[in-house]
Structures are given as C-alpha cells and as structure tokens.
Asker: 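Here it is, the structure in full.
For clarity, every value in this text was computed on a predicted model and none was experimentally measured. In what follows, chains carry the letters A, B, and so on, assigned in the order in which the sequence lines appear, proteins first and then strands, with residues in each chain numbered from 1.
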Amino acid sequence: MNVRSQVSMVFHLDKCIGCHTCSVACKNIWTDRKGTEYMWWNNVETKPGTGYPTQWEDQDKFNGGWQVQDGKLQLRSMSKAKSVTNLFHHPNMPTLDDYYHPWTYDYQHLFNAPEGTDQPTARPISMVTGEPCEINAGPNWDDDLGGSPVYAESDPNLAGLTIEQRQQLSAVERLVFFYFPRICNHCLNPACVAACPSGALYKRGEDGIVLVDQTRCRAWRACIAACPYKKVYFNWHTGKSEKCILCFPRLETGQAPACFHSCVGRIRYLGVLLYDADRIEAVASSPAEDLVEAHRSIVLDPSDPAVIAAARASGVHDSVIDAAQRSPVYKFVKIWKIALPPHIEFRTLPMLFYVPPMAPVMANRTGAVVDGVSTDLFSDIDDSRVPLQFLANLFGAGHGGPVKYALRKQKAVRWYRRAVTVGDVDMATAERMLREADCSPEEAEAIYRLTSLCTFDDRFVIPPMQREQALEMLEGPEPHKQGAGFGFIAGPKRGV
Amino acid sequence: MTNVAPLFDMFLFGALPYVALALFVIASVVRYRMMPYTYSSLSSQFLENRQHFWALVPLHYGILTVLAGHLIAFLFPREVLAWNGRPVRLYILEVTALAFGVMTVIGLVAAMVRRHSVPAIARVTTGRDWIVLSLLLLQAASGVMVAVLYPWGASWYAAIAVPYLRSLFTLTPDVTILAAMPWLIKLHIVNAFVLLALAPFSRLVHVLVAPVPYLWRKTQVARWYRRPKVAQ
Ligand code: SF4
C-alpha cells in the first residue's frame with residue numbers, strides 16, 4: 001500500500017444557486033491578465049446545456065481523457081509514438097472559437113463622441129485583436145437555458161434518452177435545469193500530466209494539487225487536448241498552459257480556495273482523502289459499470305489502524321491523517337456514498353465529487369386537482385423531471401445505480417427531517433424510507449447537519465501545509481541538515 | 001582589387017562560421033539559464049487552426065527532412081557518393097530532396113501569409129518572428145534554386161561542400177574550395193551561418209528543447225516539496 005493524501009472536494013449541486021460568485025472571485029485573483037481573459041478556471045454551467053468550452057463533454061469531438069484498448073489504459077488523444085509525428089500540429093487542439101472571444105467595450109467613446117443626433121454607444125472591442133468585434137458567445141452563454149433549442153438540446157448527456165424524455169425536459173411548465181459549477185478536478189490519473197511531452201505538469205506529492213511548471217512548459221499544448229474536462233487553458237499571450245491551482249497559496253496559509261470561500265450557496269466542501277497510489281492504474285482500467293465503485297474503493301479509511309500505519313510508512317504526517325479523519329469529503333464520498341465523480345468514464349479519477357441534484361417533486365394531477373404526494377415513496381426519482389439517465393450519464397458513466405442510491409438517500413433524509421420538524425409526515429413512513437434508502441436516523445441527522453447547518457470549519461478541513469511548517473511534515477529536519485536550507489524545492493546550486 | 005575577394009571570402013567562410021557557432025552555443029546556454037521562461041516557440045494554433053495545419057506541417061517536415069539529408073551526407077560522404085553511383089538512385093535522391101525543399105518553401109510562405117492576414121495571429125507576431133521567417137524562406141528558396149540550377153547536388157555537396165564543412169571542424173578552414181562556387185550557393189552557406197547565430201535569440205530555440213525524454217519517462221509525474229526519507 002502506497003498511501004498518499006489528496007486535497008479533495010465535494011460540490012453539493014442542490015445548494016448551488018447559479019450566482020457565479022465563485023467564477024468572479026477566481027477571475028479577479030488569477031485570470032485578469034493579458035492572454036487569460038477567456039479563461040474561467042471556475043465556471044458555472046446550466047444543465048442541460050453545452051457548457052464551456054462548447055460541447056466539452058463530447059469526447060468523440062475532443063478526444064480527451066483515457067480509454068482502455070486491448071486491456072491497456074491509454075490516452076485517447078494519442079499514443080506516445082503518435083505524439084512525435086503530431087508535434088507540429090495537434091489534431092485535437094480546441095481553439096478560441098470553442099470557448100469564446102473575450103471582449104471589452106469602448107467606454108471612452110461615451111465621453112469623447114462628438115456632438116450628434118444619436119446617443120453614442122460603447123462598441124465591443126476584441127481583447128485579442130483590439131479591433132471592434134461581434135459578440136456571439138460567452139462563458140455562460142446558455143445560462144438558465146438561454147437559447148435552449150440551440151444549446152440545451154445539444155447536451156451530450158442526453159444520449160440514451162427517449163424522444164419523449166427529451167421533449168419533457170423542455171416542455172413548458174415542466175422545464176427543468178440545474179447548475180453545474182466546475183473547477184479542475186485535480187485527478188488521481190490526470191490525462192494532462194500524462195500527455196505533457198515536457199514533463200511540465202505534475203501532481204504535488206504532498207496534497208495532489210495538479211500544477212503547470214511555467215518554465216518547463218514549452219507550448220506543445222498536449223495537456224489542453226488531453227484533459228477531458230477542458231480545464232487546462234492556453235495563454236495565447238505567453239504561450240504557456242495555465243490551470244486552476246486550487247489556490248495553493250491560500251491553502252498553504254490555512255484558507256479555503258477563493259471559489260470555496262466566496263460560495264454563496266455554501267455548496268463547497270474541502271478535505272483530505274487518503275488513497276492507495278499503487279492501485280491507480282487498475283482502478284482507472286475497470287469496466288465502465290464498476291468505475292464509480294472502484295474509484296470509491298481507492299479511497300482508504302483514515303481511521304483504520306492498518307491504513308494509519310501504512311500512511312505513516314509512506315511519509316504522510318500525523319496532522320494530515322488527523323485532517324483526513326475529520327474530512328467532510330470522506331463522509332460524503334465514502335460513508336454516505338452520496339457524492340459522485342463527474343464523468344468517471346473519462347478515467348482520470350477526478351477528486352472533485354458532486355452530490356447529484358434532486359429534481360423538483362413531480363405532482364400528479366387528478367382532473368384539475370394537483371396532489372403533491374405520490375403513493376409510491378420513491379417513484380418521483382424514477383420519473384423525475386430530470387430523467388435519471390441524464391444524471392447517470394453525468395455521474396455514473398451511464399449507469400444509474402449509484403445516482404439512484406444517492407437520490408433515494410437524500411430524499412429519505414428530507415422526509416425524515418420533515419417528520420421531525422414539520423410533523424406532517426408520519427415518522428413511521430419516514431423511518432421506513434430511511435431503511436429502504438440504506439440510512440440510519442443518526443446518519444440522516446449527520447447528513448442534514450453537514451448539508452444545512454455547516455459552518456466554515458465544518459466545510460473546510462484544511463490540513464496544516466503551511467510552508468513555514470513544512471519541516472513539521474518530516475519526521476525530523478536532521479537528514480536535511482547542511483542540505484537545501486529553507487524554502488527551496490531543489491537544493492540551491494551554484495551556476496557554472 | 002584582386003585581393004579583396006579572397007579576403008571577403010575568408011571572412012564569410014573562414015571567420016563567420018566560428019562567430020556563428022560560438023554565438024549559438026553561448027547564447028543558447030545563457031538564455032536557458034537566465035530566461036528559462038522564454039525557452040520555447042509561442043504556438044499560435046489556439047488562435048487559428050486550419051491554416052496552421054497547412055503551413056506548419058509541411059514547413060516542419062520539409063526542414064527536418066532536408067536538414068537530415070545535409071547531416072547524413074556530412075557524416076557519411078563516401079557512402080552517399082557510392083549510393084549515387086547508380087543514376088536511378090541519384091535521381092530518386094534529387095527528386096526527394098527537391099520535393100521536400102519545395103514543401104518547406106510552401107509551408108513558409110503559407111506561415112507568412114497566415115501571420116500577415118489573420119488579425120489575431122498578427123497580434124502575436126513579433127519583429128523577430130518576421131526576421132526568422134524571412135531568413136528561413138531565403139534559406140529554403142535559395143536551396144531549391146540551387147537544386148534546380150546546379151543539379152546533382154546530392155553528389156557535389158558530398159564531394160565539395162562536405163570537405164569544406166569538415167575543414168571547419170578541424171580548425172583549418174579551407175575557403176579555396178568554395179572560391180569557384182556560384183554566388184547562389186555562397187548565399188545559401190552564409191545564410192545558414194546567420195540563421196545559426198540568430199537561433200538562440202529567436203523562437204528557434206524550441207528545437208533545443210524537443211521533448212525527446214517523453215518517449216521513455218513514466219506516465220505520471222509527482223513532485224515533492226521534500227520527500228520524507230521513509231517513503232523513498
Ligand atoms: S458561488 Fe456557489 S452557489 Fe454561487 S454559482 Fe458558484 S458554486 Fe453555485
């Protein structure tokens with residue numbers, strides 16, 4: 001067992017209100033520079049929708065992620081050998097058109113325009129060419145189903161839905177959508193890292209954050225094509241790849257990343273997961289129907305004495321093990337099993353998990369009377385307004401089992417809490433639902449608390465990883481005496 | 001007056017090569033150490049994809065193939081001459097070289113048109129890029145013209161140019177070999193040294209960091225701040 005720690009995340013989709021505060025917080029800190037205008041390391045999509053960049057989930061188009069070929073796990077975009085012949089022109093490289101052309105406005109014209117008969121207007125100006133431009137796309141162009149005949153109906157996750165289900169999705173009065181905020185998943189089996197010919201991308205050993213070494217990056221752009229989530233971006237001005245850094249300078253000083261900290265819906269949770277690095281390849285090669293379960297199985301129980309011993313042997317510090325034991329992410333993912341990885345079929349083993357959203361309860365109509373409560377307690381999950389198959393395509397590699405499990409449990413928790421606080425549901429029914437949803441009253445209470453009453457400290461359990469305390473991460477500084485000194489990743493070596 | 005020409009030849013073919021080589025080596029190393037961030041070519045595929053393919057692919061394959069030909073003949077002149085002993089083989093070599101030369105020219109012209117006519121690409125094009133592209137075009141075009149005007153270069157390059165190049169490496173530059181050469185060939189040689197000298201000051205440095213180790217490195221990369229002893 002090769003135990004490593006990973007700073008992992010949970011986004012609770014039921015709580016996201018689609019306010020984009022997270023995106024703006026991130027943009028103001030990291031991507032307000034020239035060449036990064038179009039980048040949204042954090043973006044919020046409306047589902048169903050085509051997202052940003054347009055159709056990113058469609059790997060027949062972008063060839064991102066991994067695939068199992070002849071029993072071997074391989075990058076889908078190209079093999080190592082092929083990457084030699086494709087070095088000069090990457091066949092799967094998205095272009096700015098797939099995202100959108102960033103623009104600003106000629107505000108000065110409002111003040112400087114000569115006197116005339118018309119009101120002066122501020123024309124849009126391209127932030128790439130500096131010339132006036134037409135705006136025809138943006139990072140959340142189909143927000144709240146805007147232009148849905150074009151966008152929502154082209155959502156790749158609609159694959160496998162019947163015509164009737166598709167029509168229902170967009171039928172007036174039944175129209176339904178939810179938000180899907182996205183950042184880099186800091187995967188265990190990152191396709192971007194594997195694809196980089198220069199070895200510029202890497203995973204930090206201590207916390208698993210995936211970073212681009214800006215000096216090693218030589219603009220071969222293989223990472224951008226390889227990441228199936230399209231979360232590595234090309235800076236057209238510097239010729240370097242850039243991506244979400246999980247605000248590591250903030251994490252290192254004990255603060256939550258900016259998008260987590262600013263999240264209005266408080267949908268975001270962050271904590272450590274311990275995992276077995278020796279099993280990455282085997283897990284990522286599992287058959288599609290087992291992927292969710294296999295991915296979950298790579299996460300280790302931080303309270304198991306055997307795991308603790310192995311973690312210590314692998315050099316994981318006690319403070320990190322302690323943080324792992326208190327991790328909210330561990331609860332959502334492993335104990336309650338209600339947080340699921342997005343598009344696990346891309347096989348990168350993402351470490352950002354989503355609690356799937358409950359669709360609005362569907363009312364039955366008897367004549368002109370609407371009665372809200374169905375007799376079959378879980379029936380509305382099967383014929384929910386968001387077809388289960390749609391969520392299964394997003395969070396279950398096309399298989400509904402894990403999604404259904406998560407939704408049933410969430411519904412049972414709601415009914416249980418309703419029985420406790422409102423009392424218009426009878427407790428016996430609520431408890432029966434809990435049983436059927438594989439949930440005890442204690443667990444229901446815990447889920448309710450961490451979902452609804454969570455404080456800052458409940459949501460973010462950040463292990464001490466401060467640089468000034470980094471020495472603490474070692475069992476003793478002695479081995480490094482007279483070695484590197486403080487603050488250097490590589491030992492300070494003199495030049496020639 | 002009669003003395004001026006040999007003196008000028010001496011400078012172009014006896015001194016310039018050394019200046020160029022020294023500049024190339026020193027500036028490449030210094031830039032790698034002092035400005036590692038800049039050590040690459042600024043890819044523009046992200047801003048324009050289609051023309052990029054039709055320009056960059058022929059350009060790179062053309063240059064690499066022609067350059068490899070020059071290098072092979074430089075390393076194994078006798079073998080190349082022996083190969084050319086049969087006319088059919090010589091024809092094949094000549095036609096192939098010419099085809100790749102023409103391909104380079106086409107690629108370069110396409111790249112220049114693209115840099116000029118696509119507004120976004122023009123935005124990320126610097127003066128240095130134009131100099132590099134112009135010199136490369138001059139080099140490729142003069143090479144193609146040499147191939148057309150003075151055929152059987154596959155043989156005379158090995159017989160005449162290679163001894164000169166080798167004399168450079170033995171530090172006994174023999175410029176007399178080149179004295180009788182037509183000016184077009186001289187231009188091709190001089191421009192090659194100019195390109196060599198300017199390479200480390202331009203985007204051409206990306207050749208030096210071609211990602212060869214990728215072929216055998218491990219799939220995933222992890223970096224540790226400082227890995228505890230136990231885990232190693
Ligand atoms: S800030 Fe939070 S609630 Fe608002 S869009 Fe982002 S994730 Fe959703």
Side-chain angles (χ1 to χ4, degrees), chain A residues 2 4 80-81 83-84 87-90 93-97 126 128-131 189-190 193-194 196-199 201-206 211 213-221 224 234 236-240 280-281 312-315 317 467 470-471 473-475 479-480 484 489 495-496, chain B residues 29-30 32-61 63-64 107 118-124 203 205-206 208-232:
Chain A
N2 179 6
R4 288 196 195 159
K80 277 189 179 179
S83 74
V84 176
L87 201 56
F88 315 123
H89 176 90
H90 202 294
M93 172 85 180
T95 63
L96 191 59
D97 297 331
S126 162
V128 180
T129 61
E131 301 296 321
N189 186 34
V193 175
C196 177
S198 300
L201 281 117
Y202 63 98
K203 230 173 142 54
R204 299 215 302 190
E206 292 79 7
L211 296 177
D213 181 336
Q214 292 286 298
T215 47
R216 279 283 282 279
C217 173
R218 316 261 185 229
W220 304 120
R221 44 205 193 282
I224 295 152
F234 187 75
W236 54 266
H237 175 61
T238 62
K240 306 281 175 175
I280 292 175
E281 201 177 336
R312 286 200 181 122
S314 305
H317 192 267
R467 278 301 199 234
L471 274 183
M473 308 272 289
L474 309 165
E475 289 314 322
H480 302 282
I489 290 178
V496 203
Chain B
V29 172
V30 168
Y32 190 82
R33 288 180 164 253
M34 309 282 282
M35 300 193 285
Y37 184 78
T38 70
Y39 227 82
S40 69
S41 183
L42 173 55
S43 166
S44 58
Q45 190 186 350
F46 182 65
L47 296 173
E48 197 286 324
N49 203 11
R50 218 171 51 86
Q51 292 186 42
H52 184 273
F53 176 83
W54 293 108
L56 279 273
V57 173
L59 184 165
H60 278 92
Y61 279 111
I63 290 186
L64 284 180
V118 182
I121 304 295
R123 231 355 247 294
V124 292
R203 63 193 300 143
V205 286
H206 72 278
L208 298 173
V209 287
V212 183
Y214 180 57
L215 294 175
W216 55 81
R217 81 136 210 257
K218 274 202 297 184
T219 309
Q220 294 294 357
V221 184
R223 288 195 201 173
W224 300 80
Y225 176 61
R226 217 192 251 160
R227 196 156 196 197
K229 274 266 149 64
V230 269
Q232 285 165 4

Asker: Can you name the nearest heavy-atom pair linking A/W236 to B/L42, along with the distance?
Answerer: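 What the structure gives for the nearest pair is O-CD1, 3.7 Å.
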Asker: Based on non-hydrogen pairs under 4.5 Å, which of B/I121, B/N49, B/L59 is most in contact with chain A?
Answerer: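 Highest number of heavy-atom pairs under 4.5 Å: B/N49.
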Asker: Sort out for me which of A/A194, A/A219, A/S83, A/A81 touches chain B most, counting heavy-atom pairs under 4.5 Å.
Answerer: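 Of the candidates given, the most pairs with chain B belong to A/A194.
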Asker: Chain A heavy atoms under 4.5 Å from B/S41: which part of the residue, side chain, backbone, both or neither?
Answerer: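 For B/S41, the contact with chain A is made by the backbone alone.
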Asker: For the atom pair NE2 (B/H52) and OG1 (A/T95), what is the distance rounded to the nearest 0.5 Å?
Answerer: 11.5 Å
Asker: Compare every heavy atom of A/K80 with every heavy atom of B/Y214, then report the nearest pair and how far apart it is.
Answerer: O-NZ, 3.1 Å
Asker: How far does NE2 of A/H90 sit from OG of B/S43, to the nearest 0.5 angstrom?
Answerer: 10.5 Å
Asker: Verify the neighbour count for atom CD of A/E281: are there more than 12 heavy atoms of other residues, nucleotides or ligands below 6.0 Å?
Answerer: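 No, the 6.0 Å shell around CD holds no more than 12 heavy atoms from other groups.
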Asker: Would you name the heavy atoms of B/L47 and A/V128 that are closest together and state the gap between them?
Answerer: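 Minimum heavy-atom contact is CD2-CG1, 4.3 Å.
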Asker: Of the non-hydrogen atoms in B/L64 and A/F88, which two are nearest, and what is the gap between them?
Answerer: CD1-CZ, 3.6 Å
Asker: For chain B, find which of A/R218, A/K240, A/H237 contributes the most heavy-atom pairs closer than 4.5 angstrom.
Answerer: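 Option with the greatest count: A/R218.
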Asker: For A/S198 and B/P211, which heavy atoms make the closest approach, and how far apart are they?
Answerer: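 Closest heavy-atom pair between A/S198 and B/P211: N-CB, 4.2 Å.
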Asker: If you count heavy-atom pairs under 4.5 Å between each of B/V209, B/V57, B/V212, B/L56 and chain A, which one has the most?
Answerer: B/V209
Asker: Measuring from atom CG of A/D97 to atom CZ of B/F46, what distance do you get when rounded to the nearest 0.5 angstrom?
Answerer: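 Rounded to the nearest 0.5 Å, the CG-CZ separation comes out at 9.0 Å.
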Asker: Donor-acceptor check, side chain of B/Q220 to backbone of A/P190, threshold 3.5 angstrom: yes or no?
Answerer: yes
Asker: Look up atom CD in B/Q45 and atom CZ in A/R221, then write down how far apart they are to the nearest 0.5 Å.
Answerer: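 B/Q45 atom CD to A/R221 atom CZ measures 4.5 Å (nearest 0.5 Å).
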Asker: For the NE2 atom of B/H60 and the CG atom of A/L87, what is their distance to the nearest 0.5 Å?
Answerer: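 Between B/H60 NE2 and A/L87 CG, I get 7.5 Å after rounding to 0.5 Å.
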Asker: I need the B/W224 CH2 to A/R4 CZ distance, nearest 0.5 Å.
Answerer: 5.0 Å
Asker: Sort B/A122 into side chain, backbone, both or neither according to what part of it lies under 4.5 angstrom from a heavy atom of chain A.
Answerer: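 For B/A122, no heavy atom lies under 4.5 Å from chain A.
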